[in-house]
Engineer: 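Before I ask anything, here is the structure I am working with.
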Amino acid sequence: MLWPAPALCEEWLASGPLSDGRLGCVSYRSNGSWVFGTACVDDREQGMRQAAQRAYADVFQVLDREGCPQLQRLWNYMRAINAEEAGLERYRRFNLGRAQAFLDAGRGLEDGAPAACAMGTAQGPLTVHFLAGRHSPLAIENPRQVSAYRYPQRYGPRSPTFSRAALADLGEGVHVLFISGTASIVGHESVHLGDVVRQAGECLDNIDAVLAAALPHVGGPWTLAALRERLECTVYLRHPEDLAAVREVISGRLGVGTPAAEAAVYLQADVCRAELLVEIEAQVRLAPQEAS
Ligand code: 3EB
């Protein structure tokens, strides 16, 4: 059994006994069925591509060692995400290194990719938090969007490796649906350039489309309306001054005062395409006895 704790930080509570481990740049904690950990690499020395490759290579070694090979959810944070490094944007360099590590570990870039976000921070080393388990989550795509791993080359020499959502089985009938960082992208194009209100609306349209795609897999009693009511959203804003406008969009769509609108967390971060002003990720815990 595993369950998310209600906190601003990522905190996961697992039934013990727990063991701590370190390997390369990763520190982690495991209960034998679940591993949560963090890889930290100073990308100033080796550059972003090498840093990403090293972070993910060490993560994959940890997963093999712990017998929990299946990534469920990744949180990627990096400084100056949209800045160029030796002629290529650092986020694109990150994608090169991440994809190489997947291939080196014999992992496919497409099938069963985990849910993920990739955000730009003000400072700090490349930091990758991960949650992995014994069983593969069910990967869910968004019919309104090209799968990220099939993006055309113009977004960078290697595509990102994540699914639009991952449905993880936490045990005892409980599931969690992780919806990846969701942006104002239709097909593979960024839309509503320069308009944060419409970008936020498009993010929510995309989240609704992912929820609708997940619905057949999450067991009869859940409705789209009930799923929306229970979402735990994290909203990343490129510009802090957009907070009030985006909060209004979220409340308008999730309902003023609803649990989802009240629980939404707003953070400043850079989004991984320079033209995107907002990105929204969401998770929802699904326990059958609470269904409606
Ligand atoms: C997008 O849809 C927006 O590189 O892991 C969202 C979530 C995005 C995760 C990643 C990137 C990633 O393409 C960008």
Side-chain angles (χ1 to χ4, degrees), residues 10 39 43 48-49 51-53 55-56 59 71-82 88-102 107-110 112-121 126-132 137 139-166 177-193 196 199-200 202-210 213 233-238 267 269-283:
E10 279 308 324
D43 53 274
M48 184 50 82
R49 177 189 174 152
Q53 194 172 333
Y56 274 84
V59 169
L71 283 171
Q72 319 279 318
R73 174 68 159 102
L74 289 151
W75 295 261
N76 301 288
Y77 299 104
M78 68 202 80
R79 183 181 50 80
I81 190 168
N82 302 127
L88 186 65
E89 187 189 36
R90 280 162 53 80
Y91 173 62
R92 297 178 183 205
R93 291 194 171 275
F94 167 81
N95 279 321
L96 280 170
R98 173 172 57 175
Q100 192 58 52
F102 269 77
R107 291 170 176 258
L109 298 179
E110 304 199 358
C117 59
M119 309 311 305
T121 55
L126 170 66
T127 304
V128 178
H129 305 289
F130 61 94
L131 176 68
I140 293 162
E141 289 302 305
N142 178 352
R144 302 179 79 236
Q145 294 183 310
V146 174
S147 294
Y149 44 76
R150 302 215 176 104
Y151 279 166
Q153 283 259 328
R154 59 182 247 226
Y155 301 104
R158 272 285 188 200
S159 293
T161 44
F162 70 97
S163 296
R164 300 303 176 184
L177 178 67
F178 294 108
I179 301 178
S180 295
T182 306
S184 180
I185 296 173
V186 178
H188 55 74
E189 310 264 4
S190 305
V191 295
H192 313 308
L193 303 190
V196 74
Q199 284 197 16
E202 201 68 54
C203 293
L204 294 171
D205 287 348
N206 278 326
I207 287 176
D208 266 349
V210 172
C233 295
T234 305
V235 183
Y236 296 98
L237 299 170
R238 186 180 289 277
L267 301 173
D270 292 335
V271 184
C272 64
R273 288 188 188 179
E275 69 276 16
L276 295 173
L277 303 173
V278 56
E279 187 167 296
I280 303 175
E281 62 184 15
Q283 67 184 33

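As a basis for the values below, the full set of heavy atoms in this structure was taken, side chains included, without hydrogen atoms, waters or symmetry mates. Residue numbers count from 1 along this sequence. Each ligand, and each atom within it, is numbered from 1 in the order the structure gives.
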Engineer: Apply salt bridge (charged side-chain N to carboxylate O under 4.0 Å, His left out) to Arg144 and Glu202, showing your working.
Structural biologist: CA-CA 11 Å; Arg144 302 179 79 236; Glu202 201 68 54; 2.6 Å; yes

Engineer: By side chain to side chain contact (heavy atoms under 4.5 Å, CB included), which residues pair with Glu89, not counting sequence neighbours?
Structural biologist: Asn82, Tyr91, Arg92

Engineer: Taking ring-ring contact (aromatic ring centres under 6.0 Å, His included) as the test, write out the residues that go with Phe130, two or more places apart.
Structural biologist: none

Engineer: Any salt bridge between Asp43 and Arg49, counting N to O under 4.0 Å?
Structural biologist: no

Engineer: Show me a pair-per-line table, with atom names and distances to 0.1 Å, of protein N or O atoms that are under 3.5 Å from an N or O of ligand 1.
Structural biologist:
| from | atom 1 | to | atom 2 | distance (Å) |
| --- | --- | --- | --- | --- |
| ligand 1 | 2 (O) | Tyr151 | OH | 3.2 |
| ligand 1 | 2 (O) | Arg164 | NH1 | 2.8 |
| ligand 1 | 4 (O) | Tyr91 | OH | 2.5 |
| ligand 1 | 4 (O) | Arg98 | NH2 | 2.7 |
| ligand 1 | 5 (O) | Arg98 | NH1 | 2.7 |
| ligand 1 | 5 (O) | Arg98 | NH2 | 3.4 |
| ligand 1 | 13 (O) | Tyr151 | OH | 2.6 |

Engineer: Answer yes when Glu275 and Arg238 have at least one side-chain N-carboxylate O distance shorter than 4.0 Å, and no when they do not.
Structural biologist: no

Engineer: Check ring-ring contact (aromatic ring centres under 6.0 Å, His included) between Tyr149 and all other residues, then give those that pass, not counting sequence neighbours.
Structural biologist: none

